[in-house]
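Keep in mind that what you see is a predicted model, and the values were worked out from it rather than measured. Numbers restart at 1 for each chain; the letters A, B, ... are given by sequence-line order, proteins then strands.
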Amino acid sequence: MTKSPSTKPADTATADRNPFRYSAQLAGEIESRWQTRWERDRTFAAHNPGDPGFDATQPKLYCLDMFPYPSGEGLHVGHPLGYIATDIYCRFRRMRGFNVLHPMGFDAFGLPAEQFAVEHGVHPRLTTERNIATMVRQLKALGLSYDWDRRVATIEPDYYKWTQWIFLQLYHSWFDPRVGKARPIDELSRGLESGELVVDDHHRATPAVEGGRVWADLNENDRVAVLANHRLAYLAEVPVNWCPALGTVLANEEVTNEGRSDRGNHPVYKRPLKQWMLRITAYAERLADDLDHVQWPEPVKLMQRNWIGRSEGAMIDFPIKATDEPIRVFTTRPDTVFGATYMVLAPEHPLVDRITTDQQRRVVTDYRRQTQRRSEVERMAEAGGGEKTGVFTGGHAVNPATGREIPIWIADYVLMGYGTGAIMAVPAHDLRDWVFAWRFDLPVPTVVEPPAGYEPTSEEAALAAPDKRCPFSGWGTSVNSANDEVSLDGLPSDEAKRIITEWLESTGRGCREVQYKLRDWLFSRQRYWGEPFPMLHAPDGRTVAVDESELPVVLPEMEDFTPEASDDPEAPPRPPLARAPESWRIVQRDGVRYERELNTMPQWAGSCWYYLRFIDPRNDEQLVGHDAERYWMAGGGVDFYVGGVEHAVLHLLYARFWHKVLYDLGHVSTPEPFGRLFNQGYIQGYAYRDARGVVVPAAEVVDENGSPAAEVQDRAGAKFFWQGDPVTQEYGKIGKSLKNVVSPDEICEEYGCDTLRLYEMYMGPLDASKPWAPRDIIGPFRFLQRAWRLAVDERTGELTMRDEPDADVERQLHRTIAKVTDDIERLAYNTAIAALIELVNAATSAGGLTRDQLQRFVLLLAPFAPHVAEELWAKLGHQQSLACEPWPSYDPALVTHDQVELPVQLQGKVRARVTVDADADPALIEAAVLADEKVKAALAGRSVRKVVVVPGKIVNIVVGRG
RNA sequence: GCCGGAGUGGCGGAAUUGGCAGACGCGCCGGAUUCAAAAUCCGGUGCCCGCAAGGGCGUGUGGGUUCGAGUCCCACCUCCGGCACCA
């Protein structure tokens, strides 16, 4: 790592010779001394119920950071932003008498270590463990008050044993719609055996109805298929995102909008593959509904709701001539069914073959082939009002409302993955159908009249037809919508929707339906560096689970873990574990030769439940002990969870899903894992790209004069170069991907970590993104110097204290205690620190503090700059750490002033000030104001029409004209 | 396109409930100290006019509500984030 050039003040701060002065050197000594003591004394160890030292009378706080991936770059200054924030909160709560659980660990499986291993031939375990060691050292150097005894890493067999165990629970469970909960799969078999449940044509269990098949009639294969169809973890041949360059499949969440891999930006293709899936869709409703009960940022809740994508509407069956089977469609606007003049199937829809007439067969086949070839990128590029393509199948269906025959088309604007992969097209009231209908000359009857005075939206107006007609996709009043049995004419859309749905249901033509955008979670990866699945495959194709007693299934040692990359989108994946030793791969059992599952779990697996393991990290009997879990998760889960907003829909959704399954099965006591969530902002910085658009290391970029880019102050018009070539500047989140990482190590070395802690918290509001401005770090450093000098005589190193308190300083101390206490609770650390600075400045001017005042100040400072606070606390004669010292209190009477100066406004402009008693009543204030010389002068004889007095705030005089 | 979030001095930001806009810090200017420099300390610092007293303007833009608007309402502009043919 290249060290950035030191700024001038830091050089001299380091070189300070006075041993009693708060220099970087002294800060370093103090910090390592206290870090060593905290570790030796286990100052921050949390005690579980039943442990010696556990105090049941204290309230608890479970405060959690999103654990980091141990990257080769180590920590950058963006990581500690959240960590310092939670640390301050935890230290504060300990002083307020809370039993605090504050753990840290590592999310250590994942692609970067594997890719590094492939490139450099080092086992990912070695690089990962080395990276963990570096990050632990860096975290400890920041003085974060973690209970390090509880450290976990997802790659440890003791840990992933339980990740595998949870997978087995998913495999052995199904979602019982009758109770809306996960239940053991045995209950399903029992329900089927007893006849309470029967099996339908799609191998699905339903409550006993006519025509269902009973369990006794099924052969072994069918029974296995029925159970597989309900398990929360199941194998399925599904169209997946296959990335040949990475040699693996990716989750939807890992594919960019451009249809490329999130990591590495390689092309991704859709292809069918047999993969492990998790039935997260079963929980769509609960995942959406339970967001109402968590204290999370609204934007994150909204992102999850959008991701889950609930829509209410109806399923409608359109009979077709060619087969007995109707085409089923989902629509959110059943009230527009009278306007459905054609149907569209996704090109991949299974009914296409049976509907297509001989005459149309060639064009249909051509179109389907063409669609298949076109990448997601191309399909996306045409999205949103762009050109629509499609062909007529030659087949017809009957509109169940009008009874008229309508043509069936195929088009790639209908997606197989949502709804039923088929739509009824209502061109007058759907923008996509409108574009398609005009292109292919299909009828466009109006069945909804917009409200009076309706102006088309810009989007609707942009699609105006040659005759100036516009589509209307809003809610209005139904027209031309009646048959012999039902009429919607004159009804508002919402009512029409209800009436038509009732009619559809009563006539067996359709039913009410809720659809979700959320898809089941693709859970297999063709990688080495992940958790092996505890699953075995028999030669006859059957899949069996490894017994719980045989966990963990340990990842085998291998030399070559290269994924088989290829340029051929059709090449079948061969995961690295296919090359594992046969002793691992093959399991003999009861004379059957099983092969282990060769895929591994995705990186999200380990992070789905780590917050539970922290509660009881060394338990080898259970995932987490029941009493400890009940104690720490009480009150709705983790009390305070802090991390970046980038996990809004991935980690946070997956973890909620697993938690709900564990809750249903009785392993945890709360329906949600994280009661309160907070997203810290990003630290941003400049980054640079070369002519090809490739990011270059920011630390090596220079300006025209050859000075490092980081030191350039005036950036308007500045030109930058990397290795002699011009580069362009941009501004973004600091991190590995923009190669503009700044390490906290250098800041700690130049100023001490107490300064870094203060600086990062002082930069601005915790949830805002803000620029890394190394120039500003000197400010908090100077503050600590002044604070130190306030307490310590720099000539002798002895404490300096006055005997009698200054009355004004005492009042300000009370106000500061009040403000800092309140600000910490609100996470407004920047203003809390500003108040501490003001206090130090005022106390310095007033000639110092008494011993008692100094003690209270040190306690206030402790959560923010714990090392220097501990040092001063020890100098004040205390033997014990201040970590659990009671937080100082304040006297409300001393927080307010006896007299207040009120600004006096004339027509909204401040013209004078009057000083009155704080509790003076408005009439008295008004008299005092009107008697004031300056007010009289400013009035200049004009008449006073009204005087607004806001006691304690302001006086505003409204004058008459002239 | 849709859905969120945000725009305040040279810079980071403060103003918690409609009540003195710019707390606090950086930077800059001046002074003390010093052989000199750094560090440190003291004072000043929104912009414009003025020697000053004082005056005018000022929270992205334009309107509105109010005794009073950074804060509330309407319209728009810019930037950041999420989603994107989801029927």
Side-chain angles (χ1 to χ4, degrees), chain A residues 8-9 11-13 15-16 18 21 23 257 297-300 302-303 305-307 309 311 313 329-333 336 344 379-380 382-386 388 411-415 417-420 422-426 430-433 435-436 457-459 462 515-517 645-646 648-649 682 684 713-714 731-733 758-759 762-765 767-773 775-780 782-783 785-786 789 794 822-823 826 828 830-831 833-838 841 844-845 901-910 913 945-948 950 952-959:
Chain A
K8 280 183 189 166
D11 272 349
T12 52
D16 203 306
N18 183 341
R21 155 163 233 197
S23 61
N257 292 341
E298 283 305 320
V300 173
L302 199 65
M303 276 158 77
R305 286 201 182 95
N306 290 342
W307 191 263
S311 357
V329 301
F330 172 71
T331 175
T332 53
R333 292 296 299 274
T336 63
V344 188
R379 282 176 75 164
M380 297 278 198
E382 288 160 17
K388 297 263 183 289
D412 65 4
Y413 81 90
V414 174
L415 309 173
Y418 183 78
T420 61
I423 61 157
M424 64 174 203
V426 185
D430 180 280
L431 306 188
R432 295 151 301 183
D433 299 345
V435 172
F436 193 84
T457 64
S458 58
E459 208 182 345
Q515 279 284 320
Y516 298 93
K517 282 191 229 173
V645 72
E646 69 271 20
V649 286
Y682 297 127
Q684 301 189 289
Q713 304 231 341
D714 183 15
Y731 182 70
K733 178 186 168 188
L758 280 171
Y759 169 63
Y762 189 59
M763 290 171 85
D767 55 358
S769 290
K770 46 233 152 187
W772 181 250
R775 193 176 71 176
D776 293 349
I777 299 172
I778 191 73
R782 285 181 189 148
F783 160 64
Q785 283 190 319
R786 287 200 300 275
R789 200 179 309 118
E794 292 188 337
D822 185 45
D823 281 354
R826 295 188 304 119
N830 53 333
T831 50
I833 294 168
L836 290 170
I837 294 173
E838 284 182 88
N841 292 347
T844 303
S845 309
E901 189 189 59
L902 294 183
V904 180
Q905 293 186 331
L906 238 85
Q907 302 292 73
K909 290 206 193 314
V910 179
R913 288 164 193 288
R945 200 165 71 187
K946 186 177 170 189
V947 180
V948 180
V950 186
K953 295 280 189 190
I954 204 166
V955 178
N956 197 355
I957 302 173
V958 190
V959 297

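- Residue A/R782 places none of its side-chain N or O atoms closer than 4.0 Å to OP1 or OP2 of B/C24.
- Within the 4.0 angstrom heavy-atom criterion, base atoms lie near A/K517.
- The CG atom of A/D776 sits 9.5 Å away from atom OH of A/Y762, with the distance rounded to the nearest 0.5 Å.
- If you check B/G19 for Watson-Crick or wobble pairing at under 3.5 angstrom, you find it paired to B/C67.
- Closest approach of A/F783 to A/L836, counting heavy atoms only: CE1-O, 3.7 Å.
- Nucleic acid contact for A/R305: none, since no nucleic acid atom lies under 4.0 Å from a heavy atom of the residue.
- Of the possible donor and acceptor atoms, one in the side chain of A/K770 sits under 3.5 Å from a partner among the backbone N and O of A/P765.
- Note that CD1 of A/I957 and CZ of A/R945 are 13.5 Å apart. Values are rounded to the nearest 0.5 Å.
- With a glycosidic angle more than 90° from 0, B/G4 adopts the anti conformation.
- Between the base of B/C11 and the side chain of A/R775 there is no donor-acceptor pair shorter than 3.5 Å.
- Summarising the geometry, atom CZ belonging to A/R789 is positioned 11.0 Å from atom CZ belonging to A/R782; distances are rounded to the nearest 0.5 Å.
- One donor-acceptor pair, N or O on each side, does fall under 3.5 Å between the base of B/C85 and the side chain of A/K388.
- Checking A/Y682 against A/E838, the closest nucleotide of RNA chain B that is more toward the 5' end is the one next to A/E838.
- A sub-4.0 Å separation between OP1 or OP2 of B/C24 and a side-chain N or O of A/N830 is absent.
- OP1 or OP2 of B/A87 has not a single side-chain nitrogen or oxygen of A/Q515 nearer than 4.0 Å.
- With the nearest nucleotide of RNA chain B identified for both A/A834 and A/E298, A/E298 has the one nearer the 5' end.
- Rounded to an integer number of Å, the gap from CZ of A/R789 to P of B/U40 is 8 Å.
- In this structure, A/Y762 does not reach the B/G25 phosphate: none of its side-chain N or O atoms is under 4.0 Å from OP1 or OP2.
- Both distances falling under 3.5 Å, in either a Watson-Crick or a G-U wobble arrangement, place B/C2 opposite B/G82.
- Using a 4.0 Å heavy-atom cutoff across all strands shown, A/R826 reaches at least one base atom of the nucleic acid.
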